[in-house]
A.B. asks: 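Take a look at this one; I'll ask things after.
Note on naming: letters A, B, ... go to the chains in the order of the sequence lines (proteins, then strands), and numbering restarts at 1 for each one. Computed from a prediction, not measured in an experiment: that's the story for all the values here. These values consider heavy atoms only, across backbone and side chains, with no hydrogens, waters or symmetry-generated copies.
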Amino acid sequence: MTEGFSQAVYRIVSSIPAGRVATYGMVAELAGRPRAARMVGGVLHHNPEPGIIPCHRVVFRDGSVAPGFAFGGPGRQQALLEREGVRFIEGNDRNAGAPGPRVDLNACLWDGRTDATHSQG
DNA sequence: CATCTGACCTCAT
DNA sequence: AATGAGGCCAGAT
């Protein structure tokens, strides 16, 4: 399968189970570019197959998400993830990082091993 | 061909 | 702990 970088990204991102989130750096590494996290975002931006690629399950290393213009609307990703069962941390108190809503990476961070087909029990 | 930008991450202060 | 700057790879001008 001479899969290119993008192909790998699509497969990996699409392999993220529901209720779980992965970081760009993680996907980039699994794709073969541990330093091309930016590329991952660029690839997802193309999103040649909307709906098939759960790009909304990809978040920053801090747990924050895209500025907003992504996914077609601000808070779009946040809503989608909640639908999946992902918990958010709006407690912009001392959790540090970005003031905006973040994902609970402590509970929803994808291990990168669990396959969507098995969906651990 | 050269230059700038970008859905990011990591190092240094 | 928080802030600033650099690097990575590819696409666009």
A.B. asks: Starting at CG of Asp62(A) and ending at P of dA1(C), how long is that distance when rounded to a whole Å?
C.D. replies: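 Atom CG in Asp62(A) sits about 13 Å away from atom P in dA1(C).
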A.B. asks: For dA7(B) versus dT3(C), give the span between their C1' atoms, rounded off to a whole number of Å.
C.D. replies: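 Approximately 23 Å lies between the C1' atom of dA7(B) and that of dT3(C).
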A.B. asks: Within this structure, what is the CG-to-P distance between Leu81(A) and dA7(B), rounded to whole angstrom?
C.D. replies: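 Going from Leu81(A) (CG) to dA7(B) (P), I get 19 Å.
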A.B. asks: Measure OH/Tyr24(A) against P/dC9(B) and give the value in whole Å, please.
C.D. replies: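 About 8 Å, once rounded to whole Å.
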A.B. asks: Do any N or O atoms from the side chain of Glu84(A) and from the backbone of Ala18(A) form a donor-acceptor pair under 3.5 angstrom?
C.D. replies: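 Looks like no, no N/O pair under 3.5 Å.
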A.B. asks: If the sugar-phosphate is the primed atoms plus P, OP1 and OP2 and the base is the rest, what is the B/S/- string for nucleotides 8-13 of chain C, using protein heavy atoms under 4.0 Å?
C.D. replies: B-S---
A.B. asks: Answer with base, sugar-phosphate or nothing: what part of the nucleic acid does Gly42(A) contact at a heavy-atom distance below 4.0 Å?
C.D. replies: nothing
A.B. asks: Report the distance from atom CD of Gln78(A) to atom P of dA7(B), rounded to the nearest whole Å.
C.D. replies: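 So the CD-P distance, Gln78(A) to dA7(B), works out to 20 Å.
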A.B. asks: May I ask you to test the Val103(A)-Phe88(A) pair for a side-chain heavy-atom distance under 4.5 Å?
C.D. replies: yes
A.B. asks: Nearest whole angstrom, please: distance from the P of dA7(B) to the CD1 of Ile53(A).
C.D. replies: 18 Å
A.B. asks: Could you tell me how far apart Arg102(A) (CZ) and dA7(B) (P) are, to the nearest whole angstrom?
C.D. replies: 21 Å
A.B. asks: Would you call Leu81(A) and His56(A) a side-chain contact if the rule is heavy atoms closer than 4.5 Å?
C.D. replies: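 Side-chain contact under 4.5 Å: yes.
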A.B. asks: Listed by chain and number, what are the salt bridge (Lys or Arg N to Asp or Glu O under 4.0 Å) partners of Arg87(A), not counting sequence neighbours?
C.D. replies: Asp104(A)
A.B. asks: Let me know the distance between CE of Met26(A) and P of dT10(B), rounded to the nearest Å.
C.D. replies: 11 Å
A.B. asks: Does the side chain of Leu109(A) come within less than 4.5 Å of Thr23(A)'s, by heavy atoms?
C.D. replies: yes
A.B. asks: So do Leu30(A) and Arg11(A) actually touch side chain to side chain, heavy atoms under 4.5 Å?
C.D. replies: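 Result no, sub-4.5 Å side-chain heavy-atom pair not found.
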